[in-house]
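I have placed the structure first, in the form of structure tokens, so that the comments after it can refer back to it.
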Protein chains: 2
Amino acid sequence: MTREAPTPRRRATLKDVAAALGVSPATISNAYNRPHHLSADLRERVFQMAQQLGYPGPHPTARSLRIQQAGALGVLYPERLFQAFSDPFSTEFLRGITAATEGAGLGLLLVPASSSSHPAVSTVQGANVDGLVLYSLADNDPRMQAALVRQVPMVLVDQPRLEGFPFVGIEDQHGAEMAARHLIDLGHHKVGIVSLKFSPESFDILITANHPPTCHYRVSSSRLEGYLEGLQLPAEHLPVFICEHNSLQNGALAATQLLDAHPDLTAILTMSDQLAFGVMEAARNRGLNIPEDLSVVGYDDGASALQAGLTTIHQPSETKGRLAGEALIQLLQGQVPAAEQILPTRLVVRGTTRNF
Amino acid sequence: MTREAPTPRRRATLKDVAAALGVSPATISNAYNRPHHLSADLRERVFQMAQQLGYPGPHPTARSLRIQQAGALGVLYPERLFQAFSDPFSTEFLRGITAATEGAGLGLLLVPASSSSHPAVSTVQGANVDGLVLYSLADNDPRMQAALVRQVPMVLVDQPRLEGFPFVGIEDQHGAEMAARHLIDLGHHKVGIVSLKFSPESFDILITANHPPTCHYRVSSSRLEGYLEGLQLPAEHLPVFICEHNSLQNGALAATQLLDAHPDLTAILTMSDQLAFGVMEAARNRGLNIPEDLSVVGYDDGASALQAGLTTIHQPSETKGRLAGEALIQLLQGQVPAAEQILPTRLVVRGTTRNF
DNA sequence: TTGTATGCGTTATCAA
DNA sequence: TTGATAACGCATACAA
């Protein structure tokens with residue numbers, strides 16, 4: 001097993017350096033982690049020998065195992081990670097997390113969603129992290145249970161609560177209600193809704209609000225409730241298009257189908273800015289002017305909403321991320337963070353809504 | 001905070017389950033990893049006992065150490081992670097990486113930059129990853145050496161090359177040259193340049209192109225060279241403002257100082273879209289119309305450039321990320337990726353440049 | 001189908 | 001200041 005061959009095909013370890021130097025492994029470890037526990041001279045010789053043998057320094061995983069710290073925080077995202085970087089609004093959330101956690105020297109691990117070969121739960125089970133942020137997961141997402149089982153510190157954001165874990169969210173329903181009331185105040189009676197998805201496997205579908213399918217996403221259900229509350233219109237005459245993705249393209253599709261089925265609509269409420277942009281594009285393509293012929297309201301108020309002059313509901317997504325990150329760090333330090341932090345939403349009236 | 005579950009003083013381990021069940025540790029391990037190596041009945045009993053004891057399943061770090069796989073890829077970013085989520089253009093790059101790596105079940109670890117308490121090299125030494133993407137690091141960034149020492153698979157993107165590691169980049173200089181020539185073709189003779197940073201510690205400074213300070217960033221130096229090549233103007237009359245940050249605010253500051261010192265400028269070349277937006281804002285604030293009074297060219301062509309009608313240099317940042325991710329995965333699989341992939345840049349003329 | 005023994009590469013506790 | 005040794009928690013040949 002032991003070979004004195006000068007060509008170690010295998011990565012050199014701390015023991016190899018110790019052996020080559022005729023000292024104990026502890027000394028090598030000390031050279032890296034406790035400089036004052038050994039003479040400067042010996043320490044220098046250790047580093048020289050390490051370089052000579054190609055010893056890359058303490059193995060991170062072995063060290064993590066030993067000191068019981070992974071040095072990273074994980075984020076569970078409802079969709080494929082690809083999506084996390086597609087919406088300017090969700091990158092703001094991630095920015096908030098890093099703003100809070102980077103100073104502590106903690107990395108941010110984006111945990112991959114499921115794929116054919118790698119079920120989602122296995123990736124959350126295998127994530128080398130000291131804590132998790134559960135972001136906007138569906139109430140039937142198996143990863144929630146998998147995360148719970150891991151018994152690591154967790155913070156929940158915009159998703160179903162779990163007893164004993166800090167929650168960070170926004171006044172989702174209230175924001176939607178304000179959006180709806182804004183339209184009512186402007187005199188609109190024929191309003192369509194473009195919704196975010198209802199369940200992980202959902203696909204594009206046009207329904208009416210009186211018979212909604214089961215909704216597994218807290219954000220979607222809260223906002224829909226807010227819309228209904230604010231509109232006070234008969235649900236059976238309220239068309240709702242449920243989108244599979246939160247994308248401009250999907251918003252355009254939604255608008256097309258809504259307007260095809262209900263040409264008399266004078267306004268559309270959307271559950272995200274991205275969807276609103278898509279609606280606007282589709283509306284213009286069929287010759288409708290905004291806001292003259294059609295009023296549109298978004299949700300989120302990401303960076304691009306200002307640029308586009310979109311009337312929308314503002315939510316502090318970066319702050320949301322920061323609070324989540326801070327709560328998680330407090331948990332790691334044995335402190336007790338606020339059990340619940342609900343951030344305010346507010347209506348921002350710009351140029352895409354108008355009197356009817 | 002307190003949970004009703006039987007709180008074990010210490011996290012239960014595989015051994016505990018084995019002991020409680022009177023079987024060997026290997027059996028527990030098999031129950032989780034090799035279902036077919038034991039009877040369905042015993043497997044079921046294992047899971048039940050695990051639940052009863054609160055055993056969270058195999059410890060990810062211990063497992064990682066044993067199987068020599070971290071299950072994640074790391075990204076080294078030139079600035080604080082906060083910045084990675086601030087520029088729509090760099091999020092496109094990250095999106096490309098995840099698009100390539102998520103399918104393989106690999107997480108993406110964003111390695112934190114330095115802070116007062118945590119030197120940057122320690123975080124790269126301690127990152128639990130199977131490979132690294134070095135993105136746009138300065139040639140004097142100590143993390144490059146730290147990464148090299150680790151002897152893990154690496155891919156270099158938009159930064160100094162290292163012998164033996166795949167490189168992914170763009171035609172940086174060529175793009176800049178086209179931008180400059182575009183202005184010359186339009187008849188401009190008085191041109192200012194807004195540059196990205198030259199060194200990690202750099203601060204805002206106005207210089208002339210004939211005496212540039214040492215540049216540690218490959219992207220900045222390539223683009224500056226391209227500008228000089230394309231402009232063919234005397235360097236001593238070419239003002240360059242070097243920005244500390246790649247932000248709209250910094251672009252506005254740059255424009256203000258450039259135009260204060262050189263009121264006769266008719267055009268400004270910027271090394272990023274973000275900087276261009278800032279220049280445009282500052283120009284408008286001082287009563288200059290774009291492009292009538294001032295032509296502006298960006299770089300990157302991120303999503304917002306189209307919306308703003310910015311003349312800019314397009315680069316395929318998402319593709320860049322995808323290729324980097326794919327190359328890294330090939331490395332992990334023992335395959336040999338292309339040693340070098342240089343993606344094309346192209347001039348996109350929109351509404352912010354005009355004849356002079 | 002199940003058990004035994006060993007090693008993955010460290011760090012921590014003690015003793016010298 | 002340095003050394004011997006036992007964890008850290010698991011997976012895998014190999015034996016039974």
Side-chain angles (χ1 to χ4, degrees), chain A residues 1-2 8-46 49-50 53-71 122 125-128 130 150-152, chain B residues 8-46 49-50 53-71 122 125-128 130 150-152:
Chain A
M1 176 69 195
T2 345
R9 229 29 280 152
R10 143 189 97 78
R11 214 164 163 271
T13 76
L14 178 150
K15 272 186 182 167
D16 297 326
V17 181
L21 231 42
V23 301
S24 108
T27 300
I28 313 299
S29 177
N30 283 335
Y32 283 93
N33 303 313
R34 314 237 181 105
H36 56 286
H37 275 217
L38 74 172
S39 68
D41 171 55
L42 177 54
R43 185 166 131 94
E44 194 46 49
R45 276 163 50 216
V46 167
M49 181 56 78
L53 295 182
Y55 173 62
H59 185 122
T61 307
R63 184 181 157 87
S64 277
L65 175 62
R66 183 59 235 234
I67 69 178
Q68 300 283 58
Q69 287 188 19
S122 80
Q125 288 164 345
N128 284 310
D130 297 315
R150 284 203 46 176
Q151 299 175 204
V152 294
Chain B
R9 19 187 301 98
R10 163 184 79 84
R11 213 164 166 271
T13 77
L14 179 150
K15 271 187 183 167
D16 297 327
V17 181
L21 232 40
V23 301
S24 103
T27 299
I28 312 301
S29 177
N30 284 334
Y32 283 92
N33 302 313
R34 307 251 162 71
H36 56 287
H37 275 215
L38 75 174
S39 68
D41 171 55
L42 178 52
R43 185 165 131 93
E44 194 45 48
R45 275 164 51 217
V46 167
M49 181 57 76
L53 296 182
Y55 172 61
H59 191 290
T61 306
R63 185 183 157 85
S64 277
L65 175 62
R66 181 60 234 246
I67 68 179
Q68 299 285 59
Q69 287 188 19
S122 81
Q125 287 164 346
N128 284 308
D130 297 314
R150 284 202 46 175
Q151 300 174 203
V152 294

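Below, read A as the first sequence line, B as the second, and so on, with proteins coming before strands; counting in each chain starts at 1.
Scanning for side chain to side chain contact (heavy atoms under 4.5 Å, CB included) contacts around R66(B) gives an empty result, with sequence neighbours left out. For A19(B), there are no side chain to side chain contact (heavy atoms under 4.5 Å, CB included) partners at least two apart in sequence or on another chain. Under the side-chain hydrogen bond (donor to acceptor under 3.5 Å, both in side chains) criterion, D16(B) pairs with R10(B), sequence neighbours left out. Shown here are the side chain to side chain contact (heavy atoms under 4.5 Å, CB included) partners of E44(A), two or more places apart in sequence or in another chain: Q48(A). Remark: R45(B) pairs with D41(B) by the salt bridge (charged side-chain N to carboxylate O under 4.0 Å, His left out) rule, at least two apart or across chains. Considering only residues two or more places apart in sequence or on other chains, Q68(A) meets the side chain to side chain contact (heavy atoms under 4.5 Å, CB included) condition with H59(B).
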Seminar exercise, completed: Counting primed atoms, P, OP1 and OP2 as sugar-phosphate and everything else as base, the B/S/- map of nucleotides 9-16 of chain C against protein heavy atoms under 4.0 Å is BBBB----
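Residue pairs meeting the salt bridge (Lys or Arg N to Asp or Glu O under 4.0 Å) criterion with at least one member in residues 23-32 of chain B: none, sequence neighbours excluded.
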Exercise. Step by step, would you call R43(A) with N30(A) a side-chain hydrogen bond (donor to acceptor under 3.5 Å, both in side chains)?
Worked result: CA-CA 9 Å; R43(A) 185 166 131 94; N30(A) 283 335; over 6 Å; no
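Residues N128(A) and S64(A) have side chains not in contact (no heavy-atom distance under 4.5 Å, counting atoms from C-beta outward). Taking 4.5 Å as the limit, some side-chain heavy atom of R150(A) sits within range of a side-chain heavy atom of P60(B).
Taking the 5' to 3' direction, DNA chain D first and last meets chain A under 4.0 angstrom from a heavy atom at dT1(D) to dG9(D).
Between the two ends of the helix from dT1(C)-dA16(D) to dA16(C)-dT1(D), each summarised by a five-pair axis, the helix axis turns through 30° (rounded to 10 degrees).
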